[in-house]
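Each remark here refers to the structure printed beneath this line.
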Amino acid sequence: MSLPDPRPDGAALVTGASSGIGIDLSRELARRGHGLILVARRVERLEEVAAELREEFGIRVDVLPADLSERDGRVDLLERIAGLGLEVDVLLNNAGYGLSGRFIELEAERQEQMVRLNVEAVHHLARAVLPGMVERGAGAVLLLGSIAAFQPLVGMSDYAATKAFVLALGEALHEEVGSKGVTVTTLCPGPVKTEFWEVAGGAKGASAIPVMWQTSDKVAREAVEGLEKGQRVVVPGVPVKAAALGGRWTPRSVLLPLLKRTGM
Ligand SMILES: NC(=O)c1ccc[n+]([C@@H]2O[C@H](COP(=O)([O-])OP(=O)(O)OC[C@H]3O[C@@H](n4cnc5c(N)ncnc54)[C@H](OP(=O)(O)O)[C@@H]3O)[C@@H](O)[C@H]2O)c1
């Protein structure tokens with residue numbers, strides 16, 4: 001259970017590769033010699049990342065723009081990958097966004113799109129690539145959870161719920177496919193300096209504490225090292241680990257009123 005070796009017909013599929021953690025995850029895989037399939041909506045950004053990684057690491061990089069919140073976009077993406085004659089050896093299921101605010105005051109359409117991207121797309125892509133990995137007896141899947149996955153978040157309720165889904169799925173899949181030579185790791189970072197916060201709105205609760213913040217290169221490095229070791233969950237940084245433990249084990253009757261005070 002580790003990262004498979006790079007091979008000409010195999011590739012690492014990175015979603016959300018146009019920004020933030022996705023760029024650094026792509027770099028970590030490129031450094032290890034893996035060919036890449038980069039996916040997001042902003043094609044110019046993907047082309048820039050691809051050119052840089054081809055130049056620096058001499059690897060094959062395919063840019064396949066797609067809106068992953070749409071089922072048709074995902075089906076089309078999987079067909080284009082098959083059309084290239086590539087099999088997904090590594091899936092870095094990273095694309096996602098958050099929304100801060102009261103559940104009933106956020107824009108419903110954006111909330112629904114977030115659920116489709118953070119939940120449906122993660123489910124769809126994992127379901128599509130895992131059978132091939134199990135058949136080959138090799139493969140690695142990284143799911144992007146969050147520290148938000150360990151407890152409900154007042155003021156970021158549906159985002160935290162999407163990440164709780166990801167963590168629950170990832171932990172169970174780790175057990176289901178682990179004995180077949182395939183590793184599933186869920187990465188649960190605290191706040192990371194990326195465009196995430198421009199999309200989500202201001203940092204609140206534990207994310208407002210400076211010591212919790214990390215850089216995307218460090219988070220990506222720990223994530224890929226975790227994949228190599230076949231870890232079930234990676235929570236980068238000691239303060240974030242402590243917050244995750246608190247989130248998981250503090251009684252909800254104590255935690256939720258506290259979160260309400262800091263999160264709204
Ligand atoms: N930053 C944090 O503090 C933090 C903490 C914990 C977990 N996370 C998680 O880490 C992951 C990456 O976030 P990030 O911090 O790197 O944020 P980011 O810089 O905003 O990157 C998000 C990526 O997702 C892509 N994306 C958004 N909507 C998409 C769609 N409909 N279809 C395809 N791609 C889409 C974006 O590309 P396009 O806009 O070009 O499509 C972008 O590449 C997310 O799952 C996030 O929930 C982030």
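Not measured: the values here are computed from a predicted model. All ligand and atom numbering here is 1-based and tracks the order in the structure.
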Say whether L77 and L84 are linked into one hydrophobic cluster, either directly or through other cluster members, by side-chain heavy-atom distances under 4.5 angstrom. yes
At their closest point, which heavy atom of I21 faces which heavy atom of T194, and how far apart are they? N-CG2, 4.1 Å
In residues 154-167, what donor-acceptor pairs under 3.5 Å come from side-chain atoms, sequence neighbours left out?
from	atom 1	to	atom 2	distance (Å)
D158	OD2	Q111	NE2	2.9
T162	OG1	N118	ND2	3.2
T162	OG1	Y159	O	2.6
K163	NZ	L144	O	2.8

Which pairs with one or both residues in residues 101-158 pass ring-ring contact (aromatic ring centres under 6.0 Å, His included), sequence neighbours excluded? none
For a quick check: using heavy atoms under 4.0 Å, what are the residues in contact with ligand 1, sorted by chain and number? G16, A17, S18, S19, G20, I21, A40, R41, R42, A66, D67, L68, S69, N94, A95, G96, L117, L144, G145, S146, Y159, K163, P189, G190, P191, V192, T194, E195, F196, W197
The salt bridge (Lys or Arg N to Asp or Glu O under 4.0 Å) partner of E120 among R71, R127, R74 is R74
Of all pairs that satisfy side-chain hydrogen bond (donor to acceptor under 3.5 Å, both in side chains), the ones with a partner from residues 131-153, not counting sequence neighbours: D89-R136
